Amino acid sequence: MKTSNVALVLCFLALFALPAPGCGSSSPDGSPGAGGSSPSETGGASATGGTAGSGGHVGGGAGSGGASGQTGGSSGQTGGSSGQTGGSSGNPLDCSETIEVSLVRGSLFFADGTTTVFTSEPDPALGDSALHDEVQLQFYSDATGTFDLADGRNASYQTCEQCILAFEDEDPTNHAPARVFFQVQGTIQVDAATPPLSTSTIRATLTDVTLHEAEIDWQTYQSTLLPKGKCLHLGHVAFDAGCGNGRVDSDEPCDGTDLGGADCQSVGFTDGDLACTSACQLDYSACTGWVCDVADLGTFDGTDIVRHGDSCNGHDRYDASGSGDSCTGYNTAGNEIVYSLTLPPHSSAQIVRSGPIDNALWVTTACDDLRGAACVAGSDAFSTPDSVVVNNADSAPAVFYVVVDAYDDGSGPCGEFDLLVHAVPTVPATWTCSPAYYGAYDVCDCGCGAWDPDCDLPGVKVMGCPNATDICVKPDGTCQSR
């Protein structure tokens, strides 16, 4: 499967507000990139086939045939090497200018067993030095050895197994890059000790690599080189990133004896000795005196609870990374605000986080669950609000801890948000789509036999209609051509 976002960028290519695993919606058609808001949705956390994309890489429902969710194998792919300028077609590179770059220290960004992505920054900066640039090494194969980046499957982003992308000048408002670059020349040598899918670590050498300015269709993942586009050249780069290299990369809380400056006190305990696990997660087992510092939302009695917050004013303690797999789909190693919420016996509540910043939302049953091991619900959407449903099936009141958590507390998008706790919408008897789609605060699900309350959200995307330009009309939510 393929990734479709810069810092996958945030919600994997959530930085670009592009489709990303776990960042999608309740798309009835299970289109690529629709990460799903419930296990019953195509592409959701428990969906058949996992997160492999149906026509490309990271981002969709299960694909048929081919490795990593690619539809139809190599013979069924479109836009392969013959569509590329340079690469295996043998055409000369058509660069308007070529900039020599190196890579600043790399880090693991995303890993789920079928896809591993590492990120770095180019040096010198591309374009406007005040805007963020990023280089991603994306792996869809566990193979090691030396690979031609411009030959065979690697000649197209739609089919590549070892892929290098660069993003220039990310717009701080919508995270779209001014330019995208894709490989057209060079080799990558992957060390035998670091198969990227199974170790989530990489030791690799890039030799004579050229990235050419390209246009990528984020629905089909087909890459098209732009005539007379800008090029980037990496002569010889040794790339070392991921858990196990003894150095804290940007998305790791620790690595070996490197604890990233943390100690028991900095993460909310009063005493003890902090350690690091072999999976590069902080080990709090020897820490003592936990202090639960939360804002109390009270007991939900069916009346809406509304709060406004700013994660930049919170702590940097929680990260929904669990034991290598996140309840939100991504790590949330930035500042967070934590709330306690009590649910009466045998009751449920829908919790919605909204706002312009990519703050994730996750819920756990333990205040000291700093890594999401007891996570019961999580969402990390970028272009839509995060929405989860929490259930208390017990005969006694239960306390849940609601975490609004940023991706990164450095240059990343912590910021203001609104939090809403309200009753779970009652699904009409005439509703024909998945109940999880109804009132999920994601997209306007149309043609489902009843009006979806999400269709009242401003600027919401219409899903489920035969034509991309169709609109949804009341009262019964039917598709209508413009």
Side-chain angles (χ1 to χ4, degrees), residues 7-10 12 102-113 116-123 132 134-137 139 190-206 237-290 314-326 328 330-336 360 368-373 403 405-412 414:
L8 142 40
V9 167
L10 293 182
F12 195 98
S102 59
L103 299 182
V104 179
R105 188 178 75 173
S107 63
L108 173 66
F109 180 77
F110 176 84
D112 69 353
T116 301
V117 179
F118 301 93
T119 64
S120 184
E121 294 184 8
D123 183 25
H132 179 74
E134 181 161 320
V135 176
Q136 292 185 2
L137 277 66
F139 294 90
V190 180
D191 192 293
T194 60
L197 301 189
S198 55
T199 65
S200 299
T201 306
I202 193 69
R203 287 198 298 271
T205 301
L206 309 181
V237 175
F239 195 87
D240 179 5
C243 181
N245 62 5
R247 181 194 69 218
V248 170
D249 297 323
S250 63
D251 294 329
E252 295 173 345
C254 62
D255 197 325
T257 59
D258 185 350
L259 301 181
D263 56 24
C264 289
Q265 290 77 14
S266 70
V267 293
F269 295 87
T270 59
D271 202 1
D273 296 315
L274 191 64
C276 187
T277 71
S278 60
C280 295
Q281 298 296 317
L282 291 172
D283 179 0
Y284 309 102
S285 60
C287 293
T288 58
W290 169 253
H315 295 296
D316 178 14
R317 296 173 178 172
Y318 291 73
D319 177 4
S321 56
S323 57
D325 187 17
S326 166
T328 65
Y330 304 93
N331 75 67
T332 54
N335 285 18
E336 69 279 328
D368 61 353
D369 181 25
L370 301 185
R371 291 296 173 263
V403 187
D405 206 345
Y407 167 76
D408 186 347
D409 65 339
S411 59
C414 63

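Here the structure is a predicted model, which means the values were calculated and not measured.
For A192, the side chain to side chain contact (heavy atoms under 4.5 Å, CB included) partners are T144, not counting sequence neighbours. For F239, the ring pair (Phe, Tyr, Trp, His ring centres under 6.0 Å) criterion is met by no residue, not counting sequence neighbours.
The two atoms that bring G256 and C276 nearest to each other are O-CB, 3.2 Å, heavy atoms only. Of all non-hydrogen atoms in T201 and F118, the two that sit nearest each other are C-CZ, 3.6 Å. Across every non-hydrogen atom of V248 and G260, the tightest pair is CG2-N, 3.7 Å. What you find for S107 and A241 is that their closest heavy atoms are N-CB, 3.7 Å. Scanning all heavy atoms of the two residues, the minimum distance from H132 to E121 falls at CE1-OE2, 3.8 Å. Of all heavy-atom pairs spanning G106 and R247, the tightest one is O-NH2, 3.8 Å.
Note that the SG atom of C287 and the CD atom of Q265 stand 7.5 Å from one another [nearest 0.5 Å]. Interatomic distance, CG of D283 versus CG of L274, reported as 7.5 Å (0.5 Å rounding). Here OG1 of T116 is found 11.5 Å from CG of L137. Values are rounded to the nearest 0.5 Å. Taking CG from D319 and OG1 from T332, the interatomic distance works out to 4.5 Å, rounded to the nearest 0.5 Å. We find the OG-CZ distance between S200 and F109 to be 13.5 Å, quoted to the nearest 0.5 Å.
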> Where do C280 and C254 land on the disulfide bond (SG atoms under 2.5 Å apart) test, with the steps shown first?
Replying inline: CA-CA 5 Å; C280 295; C254 62; 5.9 Å; no

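Looking only at side-chain heavy atoms (C-beta outward), L282 and L370 stay at 4.5 Å or farther from each other. Between D368 and Y284 there is no side-chain heavy-atom pair separated by less than 4.5 Å. No side-chain heavy atom of V190 sits less than 4.5 Å from a side-chain heavy atom of R203. Counting heavy atoms from C-beta outward, L206 and L103 have side chains that approach closer than 4.5 Å.
At least one donor-acceptor pair under 3.5 Å links the side chain of E336 to the backbone N or O of R317.
Counted within 6.0 Å of CG on D263, heavy atoms from surrounding residues, nucleotides or ligands total more than 12; the atom is thus considered enclosed.
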